Amino acid sequence: MWLSRVAARSFSVAAAAMQSARVYVTRKVPPDGLEVLRKSGRVQFELWDTDDPVPRAELLKKVRGVDGLLCVLTEKVDAELLDAAGPGLKVVSTMSVGYDHLSLEELKKRGIRVGYTPDVLTDAVAELTVALLLCTSRRLVEATHEAKTYWRLGHLEDAKRFTIHFPGLGICVAIAERLKPFKVKKFIYTDVAPRPELANMINAEYVSMDELAQQSDFLTICCALTPETQGICNKNLFSKMKETSIFINTSRGGVVNQDDLYEALATGQIAGAGLDVTTPEPLPTSHPLFTLKNCVILPHIASASYTTRNAMSVLAANNLLAGLRGEPMEKELKL
């Protein structure tokens, strides 16, 4: 009886703490996620109610004393922000699959749990990658301009003629599955080590990074941004690629040295590039890459479908609530 009373009292304390949990949401995330927070009846949340990033000074002010933070990849969660939030911060839930904007060492040191949103955006990113590949290889942006002016354009590349190359697998499996109907001749990939369980799904061959560059007709980048991948796509890589090769990046802008990419495109070292991600974001309109006809740049829209973004916001909200309750998250980074 005594134990049951103690348990009941502990539950009541936990529930009371949860009831008063304060959360800051750094962006106007899709409505399904916000509805999860509202219906929980367990948090009081404040929202930066705009599509533009919250100014840093405002963010540092708003996180003071919060128990949870729901953010997106434009918010840098570092020691400065964590100091501003104070010791009460228990959970950071990011509505993204990437987490290079989070200082994981600082979060681990302070015992703050981290949720993220992988998997739910795989289909949308794969579809956009294929769309960008076709748009770049068939020179659709140039063709649109020509249709309004001279109605004249040179040769257009045919996707089924080419070998497709992936550094890393993961989401690239979904991309390859969508490319199979184009009768792609061959898939090859590189990674820190062979991954036969995934490679067998698409009949992909493991090669070195040098071989990847040398054989590439299309090179699609799908890796996470880490200290090891920072700037990995650089002059050395581009110099080994074919003059007819096309470079596609739907991962993170930081994996590419953009000065080296500009030089490779401007000099004809490679044929073209399609980018959904850049550094910084948004990329200034004065950036030299925007002057190139053979470079298609999108505003980081790979996951920007209504269904996908809502699913991401729901997962981010549920991760946050589970963390505040001290329960396992559906998707949690192991720090």
Side-chain angles (χ1 to χ4, degrees), residues 30 72-73 94-100 116-138 140-141 157-191 195-206 212 216-226 229 232-233 245-256 272-278 281 296-316 330-331:
V72 295
L73 55 82
T94 180
M95 201 184 94
S96 63
V97 62
Y99 42 85
D100 46 280
Y116 69 135
T117 60
D119 303 330
V120 295
L121 71 169
T122 296
D123 288 342
V125 174
E127 290 163 6
L128 190 281
T129 302
V130 173
L132 192 53
L133 184 154
L134 293 172
C135 179
T136 305
S137 64
R138 299 301 302 270
L140 298 187
V141 174
E157 301 298 359
D158 188 345
K160 68 174 179 290
R161 294 176 50 210
F162 296 104
T163 305
I164 311 294
H165 309 266
F166 307 115
L169 282 176
I171 198 169
C172 290
V173 171
I175 297 170
E177 288 173 342
R178 285 158 174 79
L179 287 170
K180 283 180 181 178
F182 291 93
K183 300 179 181 179
V184 172
K185 181 173 61 178
K186 184 180 180 183
F187 295 113
I188 67 174
Y189 76 102
T190 194
D191 210 325
R195 300 177 65 185
E197 72 288 351
L198 289 177
N200 289 341
M201 296 171 64
I202 55 172
N203 194 29
E205 177 188 348
Y206 177 81
L212 191 80
S216 293
D217 292 306
F218 286 104
L219 195 155
T220 68
I221 305 297
C222 311
C223 58
L225 178 59
T226 67
T229 62
I232 194 172
C233 300
S245 294
I246 288 177
F247 175 82
I248 303 292
N249 185 17
T250 54
S251 58
R252 284 290 185 270
V255 304
V256 180
L275 312 175
D276 185 48
V277 288
T278 59
E281 291 180 352
V296 176
I297 302 174
L298 303 179
H300 203 152
I301 59 169
S303 65
S305 74
Y306 181 84
T307 300
T308 299
R309 288 283 173 89
N310 262 307
M312 291 172 70
S313 71
V314 167
L315 179 54
E330 185 176 344
K331 297 293 181 180

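None of the values given here were measured: they were computed from a predicted structure.
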Heavy-atom side-chain contact between [X] and [Y] under 4.5 Å:
| X | Y | result |
| --- | --- | --- |
| Tyr206 | Ile188 | no |
| Thr278 | Glu281 | yes |
| Cys172 | Tyr189 | no |
| Val130 | Leu179 | yes |
| Leu275 | Val256 | no |
| Pro30 | Met95 | yes |

Ignoring hydrogens, what is the shortest heavy-atom contact between [X] and [Y]? Give both atom names and the distance.
| X | Y | value |
| --- | --- | --- |
| Ala176 | Phe187 | O-CZ, 3.7 Å |
| Cys222 | Ile175 | SG-CD1, 3.6 Å |
| Val141 | Cys135 | CG2-SG, 3.9 Å |

Can you name the residues that form a side chain to side chain donor-acceptor pair (under 3.5 Å) with [X], not counting sequence neighbours?
| X | answer |
| --- | --- |
| Glu205 | Lys186 |
| Glu127 | none |
| Ser305 | Thr308 |

Can you sort out the partners of Val314 under side chain to side chain contact (heavy atoms under 4.5 Å, CB included), two or more places apart, ordered by chain and number?
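Testing Val314 for side chain to side chain contact (heavy atoms under 4.5 Å, CB included), a comparison that skips the adjacent residues, returns Asp32, Val36, Asn318.
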Residues two or more places apart in sequence or in another chain: which of them pass side chain to side chain contact (heavy atoms under 4.5 Å, CB included) with Pro118?
Val97, Tyr116, Lys331
Measuring from [X]:[atom1] to [Y]:[atom2], what's the distance to the nearest 0.5 Å?
| X | Y | atom1 | atom2 | answer |
| --- | --- | --- | --- | --- |
| Ser303 | Asp123 | OG | CG | 12.0 Å |
| Thr117 | Tyr99 | OG1 | OH | 12.0 Å |
| Thr307 | Leu121 | OG1 | CG | 13.0 Å |
| Leu128 | Leu298 | CG | CG | 6.0 Å |
| Leu133 | Arg178 | CG | CZ | 13.5 Å |
| Thr220 | Ile246 | OG1 | CD1 | 12.0 Å |

Would you indicate whether Asn200, at its atom CG, is surrounded by more than 12 heavy atoms from other residues, nucleotides or ligands within a distance under 6.0 Å?
yes
Donor-acceptor contacts under 3.5 Å from residues 247-255 side chains, at least two apart:
unit_1, atom_1, unit_2, atom_2, d
Asn249, OD1, Ser251, N, 3.0
Asn249, OD1, Ser251, OG, 2.6
Asn249, ND2, Arg252, O, 3.2
Thr250, OG1, Thr129, OG1, 3.0
Arg252, NE, Asp100, OD1, 3.1

Whether the side chain of Asp276 engages the backbone of His300 through a donor-acceptor N/O pair (distance < 3.5 Å, no angle test) should be reported.
yes
